[in-house]
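Following: one structure in structure tokens, then a few remarks.
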Amino acid sequence: MFFIVWGSRGRNKEIGAGEFYCPDCGDYRNYKMIAVTRWFTLYWIPLFPMGKPVGEYVECGSCNSTFNQRVLDMDPKAAADKFEAAFSIAAKRVMFKMALADGDIDQSEIDTITQAFANITKREIDPADIAAELESARGDTRSTADYLREVAAGLNDTGKELVLRSAIAVAKADGHIDESELAEMHDLAFALDLPKAYANGIFTEEGVAPITRRAA
């Protein structure tokens with residue numbers, strides 16, 4: 001008796017390559033994009049594909065782990081750079097706007113802002129950015145709180161905290177926070193949409209009186 005042995009099996013084909021962040025390696029690695037297609041087999045020999053690919057996956061070139069294609073959307077470095085850019089811009093703008101609130105700004109205030117920014121963000125303000133940022137702050141007619149209400153959505157809680165601490169650093173520069181400055185600090189916390197308990201934790205750490213009122 002003569003038997004015809006036929007069936008199907010999957011075959012993998014590389015359809016792309018690049019670099020991605022491998023969750024298993026915890027770093028950037030090369031990857032291959034693999035397409036899986038069902039092939040008709042005769043006597044276990046694949047003869048022709050049966051329709052379109054049935055799936056695709058990403059394979060790490062280092063650890064050989066496989067992942068859903070969505071892994072290619074993960075980019076911790078890009079996310080960190082975006083976060084850093086957002087809070088850095090906001091922190092600088094807030095500090096310069098606050099320093100300009102009583103009129104012009106002198107070199108000692110610029111030095112205070114530069115040092116406060118370095119202490120809080122662990123990075124220096126590029127001297128070339130100072131003049132440009134100062135000019136931008138002068139041309140920004142919004143109140144500091146109104147400015148923060150507009151940018152708060154682009155900051156996570158850590159970014160909001162750093163911005164608030166930046167504002168507190170400028171307010172504390174002369175060694176004293178008066179009632180008007182205290183009210184402004186509280187308004188900034190509300191503008192940043194920080195939870196009251198979270199904001200008060202920051203104020204307590206900074207030696208600033210906590211919020212006791214409701215948001216306006």
Q: Enumerate the residue pairs fulfilling ring pair (Phe, Tyr, Trp, His ring centres under 6.0 Å) with a member in residues 130-153, sequence neighbours excluded, ordered by first and then second residue.
A: none
(Q) Within the 4.5 Å heavy-atom criterion, are S62 and C22 side-chain neighbours or not? (A) no
Q. In Å and rounded to the nearest 0.5 Å, what is the OH to CD distance from Y198 to E161?
A. 3.5 Å
**Q.** salt bridge (charged side-chain N to carboxylate O under 4.0 Å, His left out) partners for E206, two or more places apart
**A.** R165, K172
(Q) Nearest 0.5 angstrom please: I110 CD1 to Q115 CD, how far? (A) 14.5 Å
Q: Verify side chain to side chain contact (heavy atoms under 4.5 Å, CB included) between V170 and F96, making sure each step is shown before the conclusion.
A: CA-CA 9 Å; V170 174; F96 277 105; over 6 Å; no
**Q.** L162 side chain reached by L155 side chain, heavy atoms, under 4.5 Å
**A.** no
Q | Where A91 and V163 come nearest, the two heavy atoms and their spacing | A | N-CG2, 3.9 Å
Q.
Run the side chain to side chain contact (heavy atoms under 4.5 Å, CB included) test against R149 and tell me which residues pass, sequence neighbours left out.
A. A145, D146, A191
Q: Determine whether I34 and Y21 fall in the same hydrophobic cluster, where Ile, Leu, Val, Met, Phe, Trp and Tyr are linked whenever their side-chain heavy atoms lie under 4.5 Å apart.
A: no
Q) Between the side chain of K97 and the main-chain N/O of T144, is any donor-acceptor distance below 3.5 Å? A) no
Q | With D24 via side chain to side chain donor-acceptor pair (under 3.5 Å) - residues at least two apart | A | S65
Q) How long is the span from the CZ atom in F190 to the NZ atom in K196, to the nearest 0.5 Å? A) 6.5 Å
(Q) Can you list everything that forms a side chain to side chain donor-acceptor pair (under 3.5 Å) with Q107? Sequence neighbours excluded, please. (A) D111
**Q.** Qualifying residues under side chain to side chain donor-acceptor pair (under 3.5 Å), relative to T114, sequence neighbours excluded
**A.** none
Q: Can you see which heavy atom on M98 is nearest to which on A171, and at what distance?
A: CE-CB, 4.2 Å
Q. How would you list, by chain and number, every residue that makes a side chain to side chain contact (heavy atoms under 4.5 Å, CB included) with F203, sequence neighbours excluded?
A. L164, I168, M185, H186, A189, A199, N200, V208, I211
**Q.** CD/E14: more than 12 non-hydrogen atoms of other groups inside 6.0 Å
**A.** yes
Q | Which residues share a salt bridge (charged side-chain N to carboxylate O under 4.0 Å, His left out) with E133, sequence neighbours left out | A | R93
(Q) If you compare all heavy atoms of L188 against all heavy atoms of A167, which two are closest, and at what distance to 0.1 Å? (A) CD1-CB, 3.6 Å
Q. So which heavy atom on P23 is nearest to which on M74, and how close?
A. CG-CE, 4.0 Å
Q.
The criterion is salt bridge (charged side-chain N to carboxylate O under 4.0 Å, His left out); which residues satisfy it with R29, sequence neighbours excluded?
A. D27
(Q) Test of understanding: with side chain to side chain donor-acceptor pair (under 3.5 Å), list the residues that count as partners of E19, not counting sequence neighbours. (A) none
Q | Nearest-0.5 Å distance that lies between atom NE2 in H176 and atom CG in D178 | A | 5.0 Å
Less than 3.5 Å apart, which donor and acceptor atoms pair up between the side chains of residues 66-73 and the rest of the protein, not counting sequence neighbours?
from : atom 1 : to  : atom 2 : distance (Å)
N68  : OD1    : R70 : N      : 2.9

Q | Non-neighbouring partners of E181 that pass salt bridge (charged side-chain N to carboxylate O under 4.0 Å, His left out), sequence neighbours left out | A | none
(Q) Measuring from atom OH of Y31 to atom CZ of F20, what distance do you get when rounded to the nearest 0.5 angstrom? (A) 8.5 Å
Q) Of V94, D187, D193, which is the lone residue that meets side chain to side chain contact (heavy atoms under 4.5 Å, CB included) with L148? A) V94
Q.
Let me confirm one number: the CD-OH distance from E59 to Y57, rounded to the nearest 0.5 Å.
A. 5.5 Å
Q. Quick one: do Y28 and V58 end up in the same hydrophobic cluster if we chain Ile, Leu, Val, Met, Phe, Trp and Tyr together by side-chain heavy atoms under 4.5 Å apart?
A. yes
